[in-house]
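Below you'll find the structure, written out as structure tokens, and then a few comments.
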Number of protein chains: 2
Amino acid sequence: MATMQDVANLANVSLATVSFTINNSKPVSSKTRAKVEKAMKDLGYRRNAVGSALARGRTHVLALLYPALQHRFSSTSVRFFTSAAHQARLRGYNLVLWPMSNEAEAVSELTASGLVDGVLLMEVQLDDPRVVELAGGAVPFALIGRTRDTKGISFVDVDFETTVENAIDRLSRRGHTNLVLIDGGIGSQLLGGYGPVARARNTFGEVTLQRGLVGSVMSGLETPAGGRALAREFAAEHPDVTGVLLMNEHSAPGFVAELKTVGYAIPQDISIISIASSVDIASMADPELAVLISPADELGRLGVDALIERIDERDKPLPQQLVQCSYSPGHSVGPAPKKRTR
Amino acid sequence: MATMQDVANLANVSLATVSFTINNSKPVSSKTRAKVEKAMKDLGYRRNAVGSALARGRTHVLALLYPALQHRFSSTSVRFFTSAAHQARLRGYNLVLWPMSNEAEAVSELTASGLVDGVLLMEVQLDDPRVVELAGGAVPFALIGRTRDTKGISFVDVDFETTVENAIDRLSRRGHTNLVLIDGGIGSQLLGGYGPVARARNTFGEVTLQRGLVGSVMSGLETPAGGRALAREFAAEHPDVTGVLLMNEHSAPGFVAELKTVGYAIPQDISIISIASSVDIASMADPELAVLISPADELGRLGVDALIERIDERDKPLPQQLVQCSYSPGHSVGPAPKKRTR
DNA sequence: CTGAAAGCGCTTACAG
DNA sequence: CTGAAAGCGCTTACAG
């Protein structure tokens, strides 16, 4: 591999001049520039990223931190990884995947190595030790998701509050007054600290109350089998509910299949809206579910943008952004039944 | 951030000695070692990865190259990303995600930058321009998947040949003699060059012939809607088929649902084995499909191992490995019906 | 507009 | 066992 010095020699200029030419960091006469460019071309020269990083103090590498034991990988996660990696590339950065357990210590291993210019954190808990660790360090970071207290923190998150309200409105507008919110995880203690679940539950409670609706909450495993179990539990314990907010995408096909098995017709008896999922998954259920689509691509893109902004201008106002879910109607929402028929 | 020089100063030894201590690259007296370790601890010293990389000529960064416009992201891909990243970490490497279009030029942009020690290539085509590009360069690489000609190339791949044969055997053992292979992609021209599809088709053709079975091939979109269309096409054009090898995981729920709609019972009328998919996806269909599980975790792990082996010992025999799919029975396989009933 | 030189944080012959 | 020094490939004041 040719070095900058090789280029300088061939072009009969100094090393510095080659650098100035490449980086446009100082004026270079067009004659010199032409010589340098020819030499670079002849040698197939490419700037070495490591030498450059050491001299600049910038590696142009970002890390994407996420739990190694991801409770469940949705296609949403992949879309997210990919859009983040893509946006990083577009902006001249590289994205390193950094799976880790929830210990805060692994964070400092990363930030202290000097390998990365910034950290993007996924799957944020309301009270996240990793965020505390990052906040104490010198490496810029941004969150996908958000902690309870977002003061001084850059983040991009789904606007779960608005999303849940939106779903409730869509159901109540069709006459549904008795709703259930179904989320993932085995019990509330496990996921109680997980932002999306906590925020959805809170909003669901507040909005149903405020609108004079009846609302209850169920939790199940994030699998089709979990969905079947949920359907049986639902049939047994919530005979009067006609509207479901399903924030547990992987359980959807099983939930719907089992509901039909126990005698419900969808959407004649029960209307269902899947929340923060994708059309890909929603269409695996039969009928295809209405879904408020998690803006995975956008989150990845905006997350990277927020992080780079943080890196470039440490004093500018903090990027904090909530992103909306878009709606895909599917075939799982209808008017509330006049009278429950089983 | 403290540097090695800071540590040396505090410990009253030379920079070199600190390096020897950290890397165990030369004998150091236990007394000196203690001094250095204390200084490191007091300063919270961490070796700077960039300085180290420049001096060693090794960055300990690997790149995972994959198509930016992935035709469809399976949960298998995520598992794969994650297990690769995890294994890289375990072995002291970092994994950079490098989404790219299929142009070979983007490959050299990566390898010439000096940022990565090796490249792992996903979604390999039978004749892949990126492989040609990599083979011409100096950066070690390994494939997940394989080209037509694997001479001189390290790879890890699913043993599709054995997998398809396995599926055929499982069906023919139950009396099925008339089979269809369903794969993804719109037409054969699009996916004809894609290894898994090509190998599955070849093997399917050979084995059915050899066993005296009737075999035909269908292709559809990799979505539930595509699956529904496939089911209708299947019912219309293959009335005598009783066994299906489905290598198109995302179409599975729609395929099964629509089959039932047009009057088939599963597995009474039709037996289905999903190939190179996951239990996660297979269980989204109702009934849950039998599946030959794509060993995504293993591929990620072995791919990274193969690559690192290639980096460490450029002369050793090339790692080339085929990995088997394991079988999960599901509820979609039964004996061939005596007489077709619709 | 161009160049000589110091420096980024390490590693590693070489010498002792 | 320890250290002084060169060098990895670049960037950037500083001087001209």
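Chain A is the first sequence line, chain B the second, and so forth, proteins listed ahead of strands; every chain is numbered from 1.
Looking only at distances, a side-chain donor or acceptor of B:T21 sits under 3.5 Å from a matching main-chain atom of B:T17. Of the possible polar contacts, none joining the B:D42 side chain to the B:A39 backbone as a donor-acceptor pair under 3.5 Å is found. A donor-acceptor distance shorter than 3.5 angstrom exists from the side chain of A:S113 to the backbone of A:L110, with no hydrogens or angles considered. When atom types are taken as modelled, the side chain of B:T59 and the backbone of B:A53 share no donor-acceptor pair closer than 3.5 angstrom. B:T150 places no side-chain N or O within 3.5 Å of a backbone atom of B:I153 that could act as its donor or acceptor partner.
Looking at residues two or more places apart in sequence or on another chain, you find a side chain to side chain donor-acceptor pair (under 3.5 Å) between B:S19 and B:N23. Listed by chain and residue number, nothing satisfies the salt bridge (Lys or Arg N to Asp or Glu O under 4.0 Å) test with B:R46 (two or more places apart in sequence, or in another chain).
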Side-chain donor-acceptor pairs of residues 87-100 of chain B under 3.5 Å, sequence neighbours excluded:
residue	atom	partner	partner atom	Å
B:Q87	NE2	B:D305	OD1	2.9
B:R89	NH1	A:P99	O	2.8
B:R91	NH1	B:D305	OD1	3.0

Per-nucleotide protein contact string for nucleotides 2-7 of chain D, where B marks a base within reach and S marks sugar-phosphate only (heavy atoms under 4.0 Å, - for neither): BBB--B
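When the P atom is used for both D:dA5 and D:dC1, the distance is 24 Å, rounded to whole Å. Here the separation of D:dA6 from D:dT2, taken at their P atoms, is 23 Å to the nearest Å. Distance check on atom P: D:dC10 versus D:dC14 gives 24 Å, rounded to whole Å.
The salt bridge (Lys or Arg N to Asp or Glu O under 4.0 Å) test with A:E37 singles out one residue from A:R33, A:K41, A:K35, and that residue is A:R33.
Protein atom NE2 of B:H60 is 20 Å distant from nucleotide atom P of C:dG9, rounded to whole Å. For the pair A:M1 CE and D:dC8 P, the interatomic distance rounds to 16 Å; values are reported in whole Å. Rounded to a whole Å, the CG atom of A:N23 is 17 Å from the P atom of D:dG9. For the pair A:L115 CG and C:dC10 C1', the interatomic distance rounds to 14 Å; values are reported in whole Å. Across the protein-nucleic acid pair, B:R58 atom CZ and C:dT11 atom P stand 14 Å apart, rounded to whole Å. At whole-Å resolution of the value, CZ in B:R56 and C1' in C:dA13 are 15 Å apart.
Between B:M4 and B:Y45 there is a side-chain heavy-atom pair separated by less than 4.5 Å.
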Base-pairing string, 5' to 3', of DNA chain C - Watson-Crick or wobble, under 3.5 Å, | interstrand: |||.||||||||.|||
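Rounding to the nearest 0.5 angstrom, the gap separating the CG atom in A:L299 from the CG atom in A:D157 is 7.0 Å.
If you check residues 39-54 of chain B against DNA chain C, the residues with a heavy atom closer than 4.0 Å are B:Y45, B:R46, B:R47, B:N48, B:G51, B:S52, B:L54, listed by number.
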